[in-house]
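As structure tokens, the structure follows; a few thoughts come after it.
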Amino acid sequence: MSLVALPFYQKRHRHFDQSYRNIQTRYLLDEYASKRRASSRSSQKSLKQQSSAQSASSQTSMGGTTCQLCAKRLSALEEEHKNERRVDFDDTATYSAVATNGHGQVSTNAAVVVRRFRGDEEPLYSVGLPIGLPLSSVIPYTHFDVQFLEKFGVTFRREGETLTLKCTLLVTPDLKRVQPRAEWYRDDVLLKESKWTKMFFGEGQASLSFSHLNKDDEGLYTLRIVSRGGVSDHSAFLFVRDADPLVTGAPGAPMDLQCHDANRDYVIVTWKPPNTTTESPVLGYFIDRCEVGTNNWVQCNDAPVKICKYPVSGLFEGRSYVFRVRAVNSAGVSRPSRVSDAVAALDPADLRRLQAIHLEGEKEMVIYKDDLEGDVQIPGPPSNVHASEVSRTYVVLSWDPPTPRGKEPLMYFIEKSVVGSGSWQRVNAQTAVRSPRYAVFDLAEGKSYVFRVLSANKHGLSDPSEITPPIQAQDAIVAPSAPGRVLASRNTKTSVVVQWDRPKHEEALLGYYVDCCVAGTNQWEPCNHKPIGYNRFVVHGLTTGEQYIFRVKAVNAVGMSENSQESEVIKVQAALTVPSHPYGITLLNCDGHTMTLGWKVPKFSGGSPILGYYIDKREAHHKNWHEVNSSPVQQRILTVEGLVEGSLYEFKIAAVNLAGIGQPSDPSELFKCEAWTAPEPGPAYDLTFCEVRNTSLVMLWKAPVYAGSSPVSGYLVDFKEEDSGEWKTVNEVATPNRYLKVCDLHQGRTYVFRVRAVNASGPGKPSDTSEPVLVEARPGTKEISAGVDEEGDIYLSFDCQEMTDASQFTWCKSYEEIADEERFSVHTEGDHSKLYFKNPDKVDVGTYSVSVSDTDGVSSSFVLDEEELERLMELSHEIKNPTIPLKSELAYEIFDKGQVRFWLQAEQLSPDARFRFVINDREVSDSETHRIKCDKSTGVIEMVMDRFTIENEGTYTVQIQDGKAKSQSSLVLIGDAFRTVLEEAEFQRKEFLRKQGPHFAEYLHWDVTEECEVRLICKVANTKKETVFKWLKDDVLYETETMPNLEKGICELLIPKLSKKDHGEYKATLKDDRGQDVSTLDIAGKVYEDMILAMSRVCGASASPLKILCTPEGIRLQCFMKYFTEEMKVNWYHKDAKISSSEHMRIGGSEEMAWLQICEPTEKDKGKYTFEIFDGKDNHHRSLDLSGQAFDEAFAEFQQLKAAAFAEKNRGKVIGGLPDVVTIMEGKTLNLTCTVFGNPDPEVVWFKNDMDVELSEHFSVKVEQAKYVSLTIKGVTSEDSGKYSINVKNKYGGEKIDVTISVYKHGEKIPDVPPPQQARPKLIPASTSAAAE
């Protein structure tokens, strides 16, 4: 391991440690302070000079500036120096003005040279650090005392977040107008305010705020408060990890983007690569540029560049640009880096071309050297052409402008030639170069080239420059070799110091990346996200007590080295230091010649066990201390002899460990050497606390050395809040124990305690007041757990990850350290400790506690009561007398052929496991009737019986033995349980035989089609052409239009419009020479009801909206459906009230619809009507609002139909009796008789051939009882043949019936006429007046 002088940053980082309060951090700032004072004496300049220096520095780095930057700088100067307009030497620069609009951009330049006034000297900058410290405008001559009250600590953040680092300060004296100076540093670089960072100092605090964190911000931050009294500072590291990638697996963003060598149309951009510990390696980078004032980003390179440097050309002169870089790997493109500072495309050489000409007196004139060249038109050739940078992908050529050059703007053309070819090729034939720099790309690998450059202006082209030496495109540097040996050492509870040897090849190193891994996981994580430039690093944020390994890789512009060798495994714990000082020195007894002292153990042991203590004494008013013991005492109680009675003594004590002797304690109070004779006991001592929780704590103490006149019988404990004057007693009755649990305290408050010993004479002198105790549980507090190990031993366990090498577990019962080795044993390994009970019994019931020394009070207790002890003893017995755990007890299953399998499964069986089957107390072995086997890999033991019969009733048992462990499982098959198994086995056997012939794969079942037809379905299997299928209903063959296709395996029977007439037993039969099978479905009862509900589901879903139909009886609401039967569960509602069928509201339906008849509707029948059909699960609704216009129109139509029906009912009509044709022989008497009806009685008129019949003896008409009407023709002659009509009519209308009479003579053949039919009436409309009525 190479040891080198550490940089300023590392000195801070090395000593920064908050683990031990006794460590005094001392920073080596003497050199810095002295050089800082020297700088202050030579820097008494005005604020104007400082601003000018900053301006010159900016111009030097950027090569110029734009008008925007100038305007801001000048504006700031005007605000600060309103009455001062003098220029400064540092204002010498080339200034540029740029005008831009939508059509383009134009710029002009001017050089300003300021000569230094006589007597001025060059400014002197501090060299104490790698940077020049800024010179304050106000030098704080006052001496300030600065104390840090609150400090920022090690901080972990992510890119894109905001953060404020803040310290609270106490500055004395507090002067409003004069304050010390606050300086912020990142690593060793002084920070200034920017758009990324803002600073504040005042009102007792100093802060540094980040508006948008990037990995560029990672580093050690130091706040320095500088005054005449010296420097007070505080440092802590800020870690900034990558933001979530835009594409999963993409690398992190590059960082530290810098611009170099800016010129008129050219700039070199450099950056640092990201750490890719958890991602695939970076393949290259894309560089983007953006003109200041716009948001248009343009990618500069088409293919990714592999090194962290790129020459960007093609810039426009006078314009300012910012840049960013994106990394690329196999997964995708990273987020962009933080944008660079703006850089202007200007030629810095313009300033060097200026020359001052002395005139008369002290006057001078500044001119360009070009003005002295005379009238030069064609420029000379460039000189000093050389390769300023060479890489594998490009060569950057640089040259000096020609002399003479002329006054016209210059351009350059570059030509290349392969060595030995003799031919030249112009590189930039299309675009002229304005800068004396040019990057040549597309060079063949392995070939050497020579170059030359030509100058040109508007007058012509110069001669070529001298030819360069041969140049070959190759990387000037290579990736570094891996760093050397990595050494990790302890630092704090959460950090480790990692050091490594520098790599053998460390050319142009950018820094190092450190990775860590929890030992045994092989999951590497980055420790830093920005390369560090030194070979020592403190890794923070580690888990206390965890073991880690580390590795390092070096980084330069070409890429990363291989990983170094891994470090040795290291456990995270604090480094070894000397112990802190003891405290609480107490006088415990005095006999006039000796004093017995007691004290408390140091709060921090320094990471190593305390080996003993050294005590010094001195008498009052003496200066010199005298050693009491020459060798360290291990006990914290000591009797000091050889004292002078009546004298006053004070003591101090120092602790010692492997690291050395710690600081001595503060001197004790003065103790007078006089004999104690009081009857009351002396003070208890060594007050300690453990198990501090949110509302309670346990207090321990030791018995007084001086007991008084009688033995100590108990103790009283007093407490009070810190800074409170009133003591309160916890226990009213003295406790005989030397411990007490104090409860009912207030969380977050601080208390102090004291103890008073009591004997027969009363309470004695109280102990010294304890140190303040904050009642609050520590984060991550752990408690004791009880358990039983694999051997069946009962233990109490406790873990402590805050262990150090000096830490020890102390187990106690009733807060007395356990020393009974016959009943207990303690096993401690690392940060785990267990207290084992050798022979657990009821005497072991009690309170057990454990404490861990050299920690911040880590302790816990556990109450082992009888119930918990009994539980643990039962578990111990199970482990010491093991049984084979079973995943499943002995069970049975029945196979398809009726075979019965008995089986069980153990959790695990070894190859040596044994077992046996026992049936009815008789062991059975593997045979044809009992096939037994065991799969020890799965733990399954089984027995298969091919034929299960009545003789197999009984108890089945499996017994297993595997080493010492045993297990047994039984299954009782007797009575109903046996019969169930037997019946199932027989059923499965029959099923197997059934399936040997044609059979039903799925028995007869039903569903309802979308057309609301019931479909009976069954699936058949193992059929052939000769197989016969039949449908039967009630054992009668059910004829169907088509026979089912058995090859498809599905048979269906449709039952349209299911009703009760379809009740019956339906059968499907299969039969051929191999056997037969039958499937039955009884459509009745519950099955029939389910069918109706299923039909209701289909009909309800497809039901039409309610429609109105008016009838003479009233208004009918109809709902059309695919099928309706009154057996469906339907309801009608009026205004959400259920309607019952009545004379007024009649409910009914047909196959196509359901209807509601509203008879003689009235105004009360208006409202919303709802039709509901229930399908067994859901209700389907259709609604209609019968009100308003809908009701009025329906009611009017009903009135019309009602009137028409009334008229139809009461009009005149012939009820019957008249044929349409009558054939009669001449001479006979014809009597036409019919019955008529009408209300009122109708008028009856007879016509012959549409003429009124004149009544005579030949024609006579008779009307009886106003309903029987007859026409009699006596002595019929041939003239009587013709059409006779009867008109029956009243005021509601009537009808007319025609009768044809055919008369033939005697002896003639009866005419062939059709058989007489009932005569059809013809309606006669009602009169107008009657219709009106």
Side-chain angles (χ1 to χ4, degrees), residues 18-21 153-154 156 492-495 518 540-547 571-574 600-605 607 687-701 717 719 721-722 730 739-753 770-787 795-818 826-835 846-865 868 872:
Q18 293 181 337
S19 298
Y20 299 114
R21 279 174 271 173
V154 176
F156 297 87
T492 72
K493 295 180 181 180
T494 58
S495 66
V518 176
H540 288 276
L542 305 178
T543 302
T544 304
E546 189 64 83
Q547 292 184 328
K571 185 176 181 180
V572 180
Q573 53 188 4
K600 292 186 178 180
V601 68
K603 293 184 178 180
F604 300 100
S605 69
L687 276 61
T688 58
F689 302 90
C690 62
E691 302 172 41
V692 179
R693 303 296 185 260
N694 287 333
T695 58
S696 66
L697 56 81
V698 175
M699 183 178 177
L700 308 172
W701 60 89
V717 177
F719 78 102
E721 289 192 38
E722 188 181 17
V730 177
Y739 65 89
L740 183 68
K741 185 170 185 177
V742 184
C743 301
D744 300 326
L745 300 176
H746 296 284
Q747 181 179 357
R749 296 187 183 180
T750 302
Y751 296 86
V752 292
F753 298 82
S770 71
E771 66 267 19
V773 181
L774 175 64
V775 180
E776 190 170 67
R778 299 170 62 257
T781 297
K782 294 186 177 181
E783 304 293 350
I784 295 174
S785 60
Y795 64 85
L796 299 178
S797 175
F798 187 72
D799 298 341
C800 176
Q801 293 186 340
E802 301 177 17
M803 294 278 293
T804 67
D805 291 344
S807 298
Q808 292 182 347
F809 289 89
T810 302
W811 287 92
C812 301
K813 182 179 181 183
S814 300
Y815 296 97
E816 293 289 341
E817 187 171 354
I818 295 174
V826 177
H827 296 276
T828 300
E829 182 176 353
D831 54 6
H832 310 286
S833 183
K834 291 184 178 180
L835 175 68
T847 300
Y848 292 83
S849 62
V850 63
S851 60
V852 185
S853 63
D854 200 40
T855 62
D856 191 11
V858 176
S859 56
S860 180
S861 65
F862 184 85
V863 177
L864 183 64
D865 55 21
E868 178 66 9
L872 294 172

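Within the model, atoms CG of L740 and CZ of F719 stand 11.0 Å from one another, a figure rounded to the nearest 0.5 Å. Going from atom OG1 of T750 over to atom CG of L774 covers 4.5 Å, rounded to the nearest 0.5 Å. Taking CD from E776 and OG1 from T781, the interatomic distance works out to 9.5 Å, rounded to the nearest 0.5 Å. One finds the NZ atom of K834 at 9.0 Å from the CG atom of D799 (value rounded to the nearest 0.5 Å). Taking SG of C812 as the start and CG of L700 as the end, the distance is 7.5 Å to the nearest 0.5 Å. Once rounded to the nearest 0.5 Å, the distance linking CD of E771 with CD of E722 reads 11.0 Å.
For the residue pair K741 and S696, the shortest heavy atom distance occurs at CE-OG, 3.9 Å. When all heavy atoms of R693 and K782 are compared, the closest pair comes out as NH2-O, 4.1 Å. Taking both residues in full, the closest heavy atoms of T494 and T544 are given as CG2-OG1, 3.7 Å, listed atom of the first, atom of the second, then distance. Scanning both residues, V858 and C800, for their nearest heavy atoms gives CG1-SG, 3.9 Å. Closest approach of Y751 to H746, counting heavy atoms only: OH-N, 3.1 Å. Scanning both residues, P772 and V752, for their nearest heavy atoms gives CA-CG1, 3.8 Å.
Looking at residues two or more places apart in sequence or on another chain, you find a side-chain hydrogen bond (donor to acceptor under 3.5 Å, both in side chains) between S495 and N491, T492. With sequence neighbours left out, H832 forms a ring pair (Phe, Tyr, Trp, His ring centres under 6.0 Å) with no residue at all.
Counting only distance, with no hydrogens or angles, the side chain of S770 and the backbone of F753 share a donor-acceptor pair below 3.5 Å. With hydrogens and angles disregarded, a donor-acceptor distance shorter than 3.5 Å links the side chain of N694 to the backbone of A777. Remark: the backbone N or O of E691 is paired with a side-chain donor or acceptor of S859 at under 3.5 angstrom.
Residue D744 places its CG atom among 12 or fewer non-hydrogen atoms of other residues, nucleotides or ligands, all under 6.0 Å distant.
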Just do the side chain to side chain contact (heavy atoms under 4.5 Å, CB included) check on Y815 and C690 with the steps written out, would you?
CA-CA 10 Å; Y815 296 97; C690 62; 4.2 Å; yes
Passes side chain to side chain contact (heavy atoms under 4.5 Å, CB included), S807 versus T855? Steps please.
CA-CA 7 Å; S807 298; T855 62; 3.9 Å; yes
Y795 and H827: side chain to side chain contact (heavy atoms under 4.5 Å, CB included), yes or no, with the steps?
CA-CA 10 Å; Y795 64 85; H827 296 276; over 6 Å; no
Determine, step by step, whether S860 and E783 satisfy the side-chain hydrogen bond (donor to acceptor under 3.5 Å, both in side chains) criterion, reporting the C-alpha distance in whole Å, the side-chain angles of both residues, the deciding distance to 0.1 Å, and the verdict.
CA-CA 5 Å; S860 180; E783 304 293 350; 2.6 Å; yes
Step-by-step side chain to side chain contact (heavy atoms under 4.5 Å, CB included) determination, L796 to W811:
CA-CA 10 Å; L796 299 178; W811 287 92; 3.9 Å; yes
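Considering only heavy atoms from C-beta on, Q808 stays 4.5 Å or farther from T828 through its side chain. Side-chain contact check for L835 versus V850: every heavy-atom pair is 4.5 Å or farther apart. Under the 4.5 Å side-chain criterion, counting only non-hydrogen atoms from C-beta, S849 is not in contact with V698. Within the 4.5 Å cutoff, the side chain of L687 has heavy atoms near those of the M699 side chain. At a threshold of 4.5 Å between non-hydrogen side-chain atoms, the residues V742 and L697 count as touching. Residues I818 and K813 form a side-chain contact, since some pair of their non-hydrogen atoms from C-beta on lies under 4.5 Å apart. Between Q547 and V518, every side-chain heavy-atom pair lies at or beyond the 4.5 Å cut-off.
Between F809 and F798, the ring-plane angle classifies as perpendicular under the 30° and 60° cut-offs.
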